[in-house]
Visitor: 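Next up is a structure, given as structure tokens.
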Amino acid sequence: MFFLALSTLRARKGAFAGAFVALMCAAALVTACGALLETGLRGRIPTERYAGTPLLVTADQELHRVERKGDKTKDKAKALTERAWLDAGTADRLTALPGVRAVVPELTFPAEVLAPAGRAAGGSSWGHAWESAVLTPFGLDAGRAPAADDEIVLDAAAARSAGAGVGGTVTVQSGAAPAAYRVVGVVSPAGGRPARQSALFFTAGEARRLAGRPGQVAAVGLLTEPGADLAAVRARAVAALAGTTAEVRSGDALGPAEFLAAGKARVKLVSMGAAMGGTSLLVALLVVTGTFSLSVQQRVRELALLRAIGATPRQLRRTVGREALVVGLLAGLPGAVAGLALAGWLHRRFLAIGALPDTLHLLLSPFPPVAAVLATLLAGWGAARVSARRPARVHPTEGLAEAAAPRARPGAGRLVAGVLAAVGYVVLVLVLSGLHTDAGATPVTFLSVVLAAVATALLGPSAVRFATTVLGRVVQALSPSAGFLAAQNARASAQRLAAVVTPLSLAVAMASTILFTQTTASHAAGEQVRAGTTAPYVLAAAGPGVPGAAAEAVRGVPGVVAVTEVVRSTVYAGPDRFPAQGVTPRGLGRTMDPEVTAGSLDAMGEDTVALSRLAADTRRATVGGTLPVTLGDGVTVPLRVVAVYERGLGFGDLLLPLGVLAAHVDNPLASSVLVAGTATREELAAAARPFPAVRILGRAELDAVRSAQAGSQAQVNYVAMGLIIAFTGIAVVNTLVMATAARRREFALLRLIGTTGRQVRAMLRWETLMVVLLSVGLGSAVAYATLAAYSTGMTGAARPYAPPLTYLGVVAAAAALAFVATALPARLALRADAAGAIGARE
Amino acid sequence: MPKIFSSSARPAAAPDRTAGSRPEAAVSLSSVTKVYGRGAATVHALRGVSVDIPRGSFTAVMGPSGSGKSTFLHCAAGLDRPTGGTVTLGGSELTGLDETRLTRLRRDRIGFVFQAFNLMPSLTVLQNITLPLRLAGRRPDRAWLAEIVERVGLADRTGHRPAELSGGQQQRVAVARALVTRPEVVFGDEPTGALDTVTAKEVLGLLRQTVDELGQTVVMVTHDPVAASYADTVLFLADGALADALTAPTAELVADRMSRLGAWA
């Protein structure tokens, strides 16, 4: 059957162009997603700071839980969001090991050089004790090591950007108040490799004070004797640490310990790559099936002739399948290559947004392209076989009829599958209304939209027929000539219309869902913050945060009634992750009102916690009970529940006392400080003058700050799903062009009986209008249902928020796409000579 | 050319008419009925038609529009299933077969020529002719192939595509394809309907030749009395039933019978 497939392909290149484009884009998308996924799974994070350290002992950066299901126990591990610290005594266990030349304790804490204007110099910056400079190793370019607590050694990059050299003075902002230090030395890493981070070195005592973790170290580096067997030393170290949860890392495992953000990004990439890849594969399958259906429909007469000559249905299906394989291979190969380029572009965009740290390198391996080509082949072959099922069984006499009318009733199998898909969509929507976290809800929203599109594709003709009857009457009334033709055409060719409505409604539904899940969540959170922040002024800072000393200074201003510092982190309660805020307990009720429904915020004190209703329901906690909370760095503390409140989106799911939370985060500086009282902005500004990075904001400006912080995740979703929407848009154009181009004979006939070109184009515009109305209606309905469920899950109320202008933009874009994709091929078709065209074979 | 891959046991020359070795009728219909639609929209296309088409004959089927002649042809050729009655082709009963077996039978033992759209536009003349054999997975008998290509007069056009041929040439290719499997019967559904009189005569002459020189059985639906005059027998259908039969027809006789049937009222 190959020769038949090949000759058909050669003769009908134009008809297969649509399928070719669809498959190529599908291959590119799947390759790009696969590359991202693989980067997340196997991407290397090269280490900088520990380049000269053969073995590094770190704390366990994962939270372990044993889950018991029946009689099976599973050890589950979840990543901690802050750096876990080691007990300082761990170093003692390792000093006497044979093969170990030196045991170097490492302290890492945020420390930035403040430039004169108040804004810190760019890039991430960390402070360390001078003894640990040997881990990289850093060598002195100028000056000497720090001897007094007010002396500091900068690395060359930090010195350059701060404009300071040996003998100068710099102000450093760390977890404590900003302080001035004398620069006594400048170092640079051996080998001269440019660093993605700045390093500041203090004396050991000063470093311990600034780190704020008494009795703990961030890591312990082991330097080995020259010629020592690394594996043996490592084994000895592991044995020496038996009984603790410390880990011994070497080689590629050092990078993730140094760059926690990159480790987090890897996890994000895996989930995003999988979600995107899965969604794009499903969308590709849908699109390719639609394209092949259309092309097979247009060849019904040819297939009927083959049936009459003696081709069995199986032979026809095999021919169509082989055509699809050839097209799939021809399209998949360049598509996969394009996909690798696309992966690079995606990576650069994510870097630019700030969603990925540049320490995570993109991994390009042959697996994703090969997998993508195979997936494309399979999708194309499957789609072609499915779309050829009905036509292959057509009776030759029906197919050869002069006016080949498509079968009126869809097959039972198709109806059943369509109903199943619709039921699946409803189930997913119900599930969605119970999901409370973005990480869980996002893939479900996309999957539900795709399922709705599948249901549309399967049940399309039946639904379209009904809708066009109603719409058709309206159109007919509005335009008795062109509209009448359009209405009749729509009713008669429900299958073609359904094939066009499916990708357009999918595009509208997807775009709306992606855009408006973001706005819904953001709007709900913003509303909660607006309603719940009773303090008139807020301190915010460019850079790591507002130092505690600034809050103290403001507390001293007369007229200030309460000052609440807010530190953000993520904590675990049991197996669930929650965003949490650490707040100053005193005067809490004056600055924020999270809508307390049980208990009272006045009872906030040491070892207490207030929960959002969502968190309380999830953990089945009540006021007065005790809830063990695992803080960001893995330390678990039991806390007494004192209040339950409603506004979890705006104020985090857990409110903890500042002292409890801030001792267990990487960056203990407050992200914002709420100030309540009668003091004016000028008085507050005067109090904050010694801290140049701190600004005074009014309540209204707080919203802008908050949305800027939340923006990066939204942008990632936009970029990722923008690709899928683009693909769907290509499918829309594809389908419309194919459908219009195939009606050449119909247009020729109309012109021969006296319809002017303008009237034919008007008829097409009415038809397109009906298609757009149907698609937008269907897509919006699906999006609304999904968004309402999402909103219910996230906020507890079904109130999706869609800015009207954005929605109109989506509708306008869909309409423009449809009209252009119909008008251009129509013009081409109408330009042909009518009398010749009417006799032309397809 | 040695007949290494002979596609059939029968020789290329005129077949021997040994009485009793094969059933006399090439195609035999017995009380065949065909009904379309339901309830008030029921259409009785055929009402209990029984007829035997003898082997090696040229039969024309005529009738006014709506008489069921196309339906008759489709049922006889296994392109459509009758609602009642049986159709037997060369000893095999068509009516009980499933779709796949019916298709195989069509492929191997029936040739069909339509009025238009006979050829696959993407294949050459030669590929179109050998298509039924390819579908069966059989190699063409080179000698036989050369003979029919010669007979239809397209030996110099074997590499061309249908778009490069005239209407008459396309019909001749269709005839060649119909003959390539040496079928029991060649069915034609108004094969000359779209041709001018000169070309039509060429194609009809070709069909006549296959009957006379190759012993082929041909059944042809037509509305043209001139075309019918090439046949040995003309069957007249009216209202789904056999109304009349005419042997040794001339164009005038046929036209006369047709007008009596009210064809051109």
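In what follows, chains carry the letters A, B, and so on, assigned in the order in which the sequence lines appear, proteins first and then strands, with residues in each chain numbered from 1.
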Visitor: Go through B/T124, B/D80, B/L131, B/D108 and name the one with the most non-hydrogen pairs under 4.5 angstrom from chain A.
Guide: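 Max contact count across the listed options: B/L131.
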Visitor: Taking all atoms of both residues into account, what is the closest heavy-atom pair of A/G310 and B/L135, and its distance?
Guide: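 That closest heavy-atom pairing would be C-CD1, 3.8 Å.
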Visitor: Given heavy-atom pairs under 4.5 angstrom as the criterion, report whether the side chain, backbone, both or neither of B/R101 touches chain A.
Guide: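 Nothing of B/R101, per the 4.5 Å heavy-atom cut-off to chain A.
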Visitor: How long is the straight-line distance from OG1 of A/T312 back to CG of B/L102, given to the nearest 0.5 Å?
Guide: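 Between atom CG of B/L102 and atom OG1 of A/T312 there are 12.0 Å.
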Visitor: Measuring heavy-atom distances to chain A, does B/D189 have an atom under 4.5 Å in its side chain, in its backbone, in both, or in neither?
Guide: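 Neither part.
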Visitor: Between chain A and each of B/I110, B/N118, B/L105, count heavy-atom pairs under 4.5 Å; write down the option with the most.
Guide: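 So the answer, after comparing B/I110, B/N118, B/L105, is B/N118.
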Visitor: Does the side chain of B/T100 come under 3.5 Å of the side chain of A/R314 through a donor N or O and an acceptor N or O?
Guide: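 The criterion, which ignores hydrogens and geometry beyond distance, is not satisfied for A/R314 and B/T100.
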Visitor: Between atom OG1 of B/T103 and atom CG of A/L306, what is the distance when rounded to the nearest 0.5 Å?
Guide: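 Reported to 0.5 Å precision, the distance equals 11.5 Å.
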Visitor: Please classify the contact between B/L119 and chain A as side chain, backbone, both or neither, with a heavy-atom cut-off of under 4.5 Å.
Guide: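 For B/L119, the backbone is the part near chain A, not the side chain.
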Visitor: Mark yes when over 12 heavy atoms from residues, nucleotides or ligands other than A/R389 sit less than 6.0 Å from its CZ; otherwise mark no.
Guide: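 Counting other residues, nucleotides and ligands, CZ of A/R389 stays at 12 neighbours or fewer.
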Visitor: Using side-chain heavy atoms (C-beta onward) and a distance below 4.5 Å, is B/R107 in contact with A/Q315?
Guide: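 They are in contact (side-chain heavy atoms under 4.5 Å apart), so the answer is yes.
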Visitor: When rounded to the nearest 0.5 angstrom, what distance separates CG in A/L305 from CZ in B/F112?
Guide: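 Taking CG in A/L305 and CZ in B/F112, the distance rounds to 11.0 Å.
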Visitor: Ignoring hydrogens and geometry, is there a side-chain-to-backbone donor-acceptor pair from B/R106 to A/R307 under 3.5 Å?
Guide: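 Pair found, side chain donor or acceptor close to backbone of A/R307.
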